[in-house]
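Everything below concerns the one structure shown next.
Everything numeric in this text was worked out from a predicted model, so none of it was measured. Atoms considered below: every heavy atom in the structure, side chains included; atoms not considered: hydrogens, waters and symmetry mates. Per chain, numbering begins at 1; letters A, B, ... match sequence-line order.
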Number of protein chains: 2
Amino acid sequence: MVERRRTRSTVSIVDVARRAGVSVSTVSRSLRGETNVAAATHERVRRAVDELAYVPSPAAAGLATGRTSSIGVLASFDYRWFLTSVLEGVDSALRAAGYDLLMYNVGDAEARDHFFSSSPMRRRVDGVLAVAAVLTGEEQAVLRKLDVPVVAVNGIRTLLPRVGIDDEAGAAAAVKHLALLGHTDIAMISGNTDALVGTVTPRRAGFEAAVAALGHDTDVIVVDRWGAEGGIQGMDRLLTRSTLPSAIFTESDEMAFGALRSLRRTGVRVPEDVSLIGFDDHELAPALDLTTIAQPAREQGAVAADLLMNMIAGTADTSADIKLPTRLIVRGSTRRHLAAGDTESDEVRHGDFSEQPASSAPSATRSPPSAQSTLARSARGH
Amino acid sequence: MVERRRTRSTVSIVDVARRAGVSVSTVSRSLRGETNVAAATHERVRRAVDELAYVPSPAAAGLATGRTSSIGVLASFDYRWFLTSVLEGVDSALRAAGYDLLMYNVGDAEARDHFFSSSPMRRRVDGVLAVAAVLTGEEQAVLRKLDVPVVAVNGIRTLLPRVGIDDEAGAAAAVKHLALLGHTDIAMISGNTDALVGTVTPRRAGFEAAVAALGHDTDVIVVDRWGAEGGIQGMDRLLTRSTLPSAIFTESDEMAFGALRSLRRTGVRVPEDVSLIGFDDHELAPALDLTTIAQPAREQGAVAADLLMNMIAGTADTSADIKLPTRLIVRGSTRRHLAAGDTESDEVRHGDFSEQPASSAPSATRSPPSAQSTLARSARGH
DNA sequence: TTGTAAGCGTTATCAA
DNA sequence: TTGATAACGCTTACAA
């Protein structure tokens with residue numbers, strides 16, 4: 001070695017080629033699993049790669065092919081439960097195919113503006129997943145200019161191919177559940193359409209259609225806040241009335257959590273005084289014993305990622321609208337509606353609509369232990 | 001145009017240079033904001049970029065510089081609240097600096113194995129953020145082999161630089177709050193150290209030290225499940241005792257949610273019969289009226305991202321251990337401990353430790369409206 | 001202050 | 001089945 005101009009620290013395909021005694025093109029072919037490589041050659045390459053601990057440069061490959069082998073996820077980071085659930089599905093589908101996962105937040109106005117004005121995804125992704133996004137026409141145009149396939153996951157219906165659920169049917173199932181329990185006076189707490197979520201209209205539409213089909217009047221409280229806060233707001237408004245409906249459907253489980261809070265604070269019992277059903281099957285719904293309509297979030301992510309990858313490969317129709325099924329999960333927040341005078345039979349009915357805890361938990365009729373335990377504690381060995 | 005070998009569809013730096021009437025190196029300098037460019041030249045370049053809608057190729061830049069201008073986030077996607085909160089901070093810090101955000105899930109065993117065996121981050125990131133990760137020595141070694149800076153966000157203490165909170169102090173603050181309320185018999189529901197979370201030991205250690213400092217015996221229930229499930233499990237075990245402690249501290253808010261569920265199911269009232277305090281200030285803690293120790297999740301993400309970027313730039317010490325402050329948030333799940341015989345004054349004390357709802361919500365003493373509302377409803381105009 | 005040209009590490013075309 | 005070699009689009013000495 002007479003003189004080296006620059007010390008190349010990383011091992012490249014050239015080093016592998018030299019070590020294996022073949023040309024770089026052969027190494028490249030072998031590594032990408034092309035068929036026209038002799039088995040023996042393939043094996044020598046494999047060994048050289050191992051020995052040199054060679055890792056291909058994605059940047060170089062990207063430059064040469066024009067592909068990035070990564071996909072971008074556009075989402076509001078504040079949809080915590082839904083987003084992370086979807087991401088689990090997306091991640092597992094993507095990893096299996098060797099794609100990387102780039103995240104972009106459009107949760108608050110600042111992040112959103114930054115995203116749509118600077119368009120940081122350009123030249124960086126082969127495809128885009130828009131999770132629970134509500135996009136203006138302008139924003140959709142920006143995405144289109146990326147010039148890569150885009151799939152919406154459970155956002156509003158646009159021209160984009162979409163993977164989601166049948167929100168109308170889910171809402172109808174909630175109404176049906178309540179109706180079967182004898183409820184006729186059912187209200188819904190729904191989010192304001194102006195807010196940034198795509199499921200407002202369909203769930204409310206499904207609710208209204210189902211209630212109307214039963215021949216009842218529709219009763220929808222529209223709130224302008226989302227999550228538990230919105231539920232509190234909506235429930236507080238309901239509570240200003242002189243009488244409550246016997247059952248309430250909320251746009252989401254988180255709203256139901258908030259509604260539950262208001263009801264407890266006011267001394268209204270669930271399900272004795274009012275039945276409550278949510279939508280989503282949020283991870284905390286079991287802990288709050290909430291009856292709900294479950295949606296398969298993780299699965300939506302996996303299906304959407306697969307669809308997107310097929311679109312990138314050119315082997316998928318670009319106008320899909322896949323709807324995954326929802327399902328009713330009956331827990332303890334809904335129960336049979338009692339006509340006036342029936343109230344004495346409350347306890348008897350209670351078990352009918354509650355999930356039984358899997359563990360041998362103390363029964364609901366057990367009397368609370370004393371709060372005074374200092375003396376008792378000293379009797380425990382430790 | 002006599003003949004073109006390949007149709008270059010994308011506009012490159014060469015096109016910009018031609019249009020601006022300068023060399024590519026001048027364009028490159030101008031674009032990267034180097035100072036040795038004449039103002040007039042800079043302006044001509046800017047205009048050419050605009051007119052051609054030029055977007056630099058990250059792949060080409062990465063190939064030339066060896067930098068990727070993206071950072072990788074390693075996390076369990078099932079820490080939904082904490083992860084997304086941290087990500088908000090990370091994202092905002094990163095975007096401002098032009099970095100991209102690559103996500104990698106190590107939540108379940110399969111994803112974890114895949115990550116640590118195939119090491120998909122190699123050559124793809126300039127730095128790594130490990131969020132709430134518990135890493136074996138082997139796994140840390142894999143990260144080290146990436147040969148880029150790594151910062152831990154609120155995981156276990158390792159040799160890695162870390163941004164987190166003072167869990168011990170937070171736990172001590174919880175104990176202090178309960179002690180000031182007169183509680184002497186305080187139990188903790190804590191997670192099993194084997195599970196994949198880094199905050200087990202410090203929070204429990206802080207609890208035990210604080211309780212011991214008060215001269216009381218420590219009383220810790222260790223459960224092997226996390227989240228609400230763990231809280232249910234722990235509370236159910238506590239409920240098998242003949243007496244309950246007067247106050248309970250849980251390792252996390254989600255555990256507190258589960259504990260609350262068990263208590264309600266059993267008919268034990270919070271805070272009348274037992275006080276409950278959590279840790280985190282989970283987004284749903286307000287809806288469950290849970291007193292808790294808040295940790296600044298989003299801020300941890302922002303600080304960690306900044307630290308990481310400084311490390312990448314070489315302008316940061318590589319042994320940081322930054323602890324952000326926690327703070328007590330008093331809501332309605334804790335109250336003054338009543339000596340035997342004091343029980344009649346319950347209502348009087350109640351307001352002392354509850355957050356007042358910001359809205360003009362119905363007061364807690366309002367009597368529940370009738371569940372029969374069909375008639376009333378028909379009186380409303382609609 | 002600007003231009004020339006040599007990399008960076010792949011892929012892919014074309015011959016052999 | 002394999003090998004030379006020209007892109008890919010940028011950065012960065014070095015020269016002017």
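As rounded to whole Å, 13 Å separates atom P of dC10(D) from atom CZ of Arg18(B). Taking atom CG of Asp15(B) as the reference point, atom P of dC8(D) lies 11 Å away to the nearest angstrom. For the pair Glu43(A) CD and dT2(D) P, the interatomic distance rounds to 14 Å; values are reported in whole Å. Atom-to-atom, CG of Leu31(B) to C1' of dG9(D) comes out at 13 Å; the value is rounded to the nearest Å.
By the salt bridge (Lys or Arg N to Asp or Glu O under 4.0 Å) test, Asp100(B) pairs with Arg124(A), Arg95(B), sequence neighbours left out. Partners of Glu139(A) according to the salt bridge (Lys or Arg N to Asp or Glu O under 4.0 Å) rule, which considers only residues two or more places apart in sequence or in another chain, are Arg112(A). For the side chain to side chain donor-acceptor pair (under 3.5 Å) test, no residue two or more places apart in sequence or in another chain qualifies with His114(B). Looking at residues two or more places apart in sequence or on another chain, you find a salt bridge (Lys or Arg N to Asp or Glu O under 4.0 Å) between Arg47(A) and Glu43(A). Listed by chain and residue number, Arg29(A), Arg32(A), Asn36(A) satisfy the side-chain contact (heavy atoms from CB on, under 4.5 Å) test with Glu34(A) (two or more places apart in sequence, or in another chain). By the side chain to side chain donor-acceptor pair (under 3.5 Å) test, Asp50(B) is found to be paired with Arg46(B), residues two or more places apart in sequence or in another chain being considered. In this structure Phe115(A) satisfies the ring pair (Phe, Tyr, Trp, His ring centres under 6.0 Å) test together with Tyr104(A), sequence neighbours excluded.
In this model, the phosphate group of dT2(D) is not approached by any side-chain N or O of Arg44(A) to a distance below 4.0 Å at OP1 or OP2. The shortest distance between the side-chain N/O atoms of Arg32(A) and the OP1/OP2 oxygens of dT10(C) is not below 4.0 Å.
The only option from Thr41(A), Val37(A), Val16(A) that meets the side chain to side chain contact (heavy atoms under 4.5 Å, CB included) definition with Val22(A) turns out to be Thr41(A). Considering Asp306(B), Asp321(B), Val303(B) in turn, Val303(B) is the only one that fulfils the side chain to side chain contact (heavy atoms under 4.5 Å, CB included) rule with Val163(B). Among Ser23(A), Ser28(A), Ser30(A), the single residue meeting the side chain to side chain donor-acceptor pair (under 3.5 Å) criterion with Thr26(A) is Ser23(A).
Taking every heavy atom of residues 65-72 of chain A and every atom of DNA chain C, pairs under 4.0 Å involve Thr65(A), Arg67(A), by number. The stretch residues 47-59 of chain A comes close to DNA chain C through Tyr54(A), Val55(A), Pro56(A), Ser57(A), each having a heavy atom under 4.0 Å from the strand.
Mapping Ala60(B) and Ser28(A) onto DNA chain C by nearest heavy atom places Ala60(B) at the nucleotide closer to the 5' end. Annotation: of the two residues near DNA chain D, Leu63(B) and Glu34(B), the 5′-most nearest-nucleotide partner is Leu63(B).
Rounded to 10 degrees, the angle between the two end axes of the helix from dT1(C)-dA16(D) to dA16(C)-dT1(D) is 30°, with five pairs used at each end.
Listed by first then second residue, pairs satisfying side chain to side chain donor-acceptor pair (under 3.5 Å) with a partner in residues 51-65 of chain A read Arg19(A)-Glu51(A), not counting sequence neighbours.
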Can you pull every protein N or O that's under 3.5 Å from an N or O on nucleotides 2-4 of chain C?
{"from": "dT2(C)", "atom 1": "OP1", "to": "Thr41(B)", "atom 2": "OG1", "distance (Å)": "2.3"}
{"from": "dT2(C)", "atom 1": "OP2", "to": "Ala38(B)", "atom 2": "N", "distance (Å)": "2.8"}
{"from": "dT2(C)", "atom 1": "OP2", "to": "Thr41(B)", "atom 2": "OG1", "distance (Å)": "3.4"}
{"from": "dG3(C)", "atom 1": "OP2", "to": "Ser23(B)", "atom 2": "N", "distance (Å)": "2.9"}
{"from": "dG3(C)", "atom 1": "OP2", "to": "Ser23(B)", "atom 2": "OG", "distance (Å)": "3.2"}
{"from": "dG3(C)", "atom 1": "OP2", "to": "Thr26(B)", "atom 2": "OG1", "distance (Å)": "2.8"}
{"from": "dG3(C)", "atom 1": "N7", "to": "Ser25(B)", "atom 2": "OG", "distance (Å)": "3.3"}
{"from": "dG3(C)", "atom 1": "N7", "to": "Arg29(B)", "atom 2": "NH2", "distance (Å)": "2.9"}
{"from": "dG3(C)", "atom 1": "O6", "to": "Arg29(B)", "atom 2": "NH2", "distance (Å)": "2.5"}
{"from": "dT4(C)", "atom 1": "O4", "to": "Ser25(B)", "atom 2": "OG", "distance (Å)": "2.9"}

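Atom CG in Leu129(B) sits 8.5 Å away from atom CG in Leu101(B) (nearest 0.5 Å).
The environment of CG in Leu159(B) is sparse: at most 12 heavy-atom neighbours from other residues, nucleotides or ligands sit within 6.0 Å.
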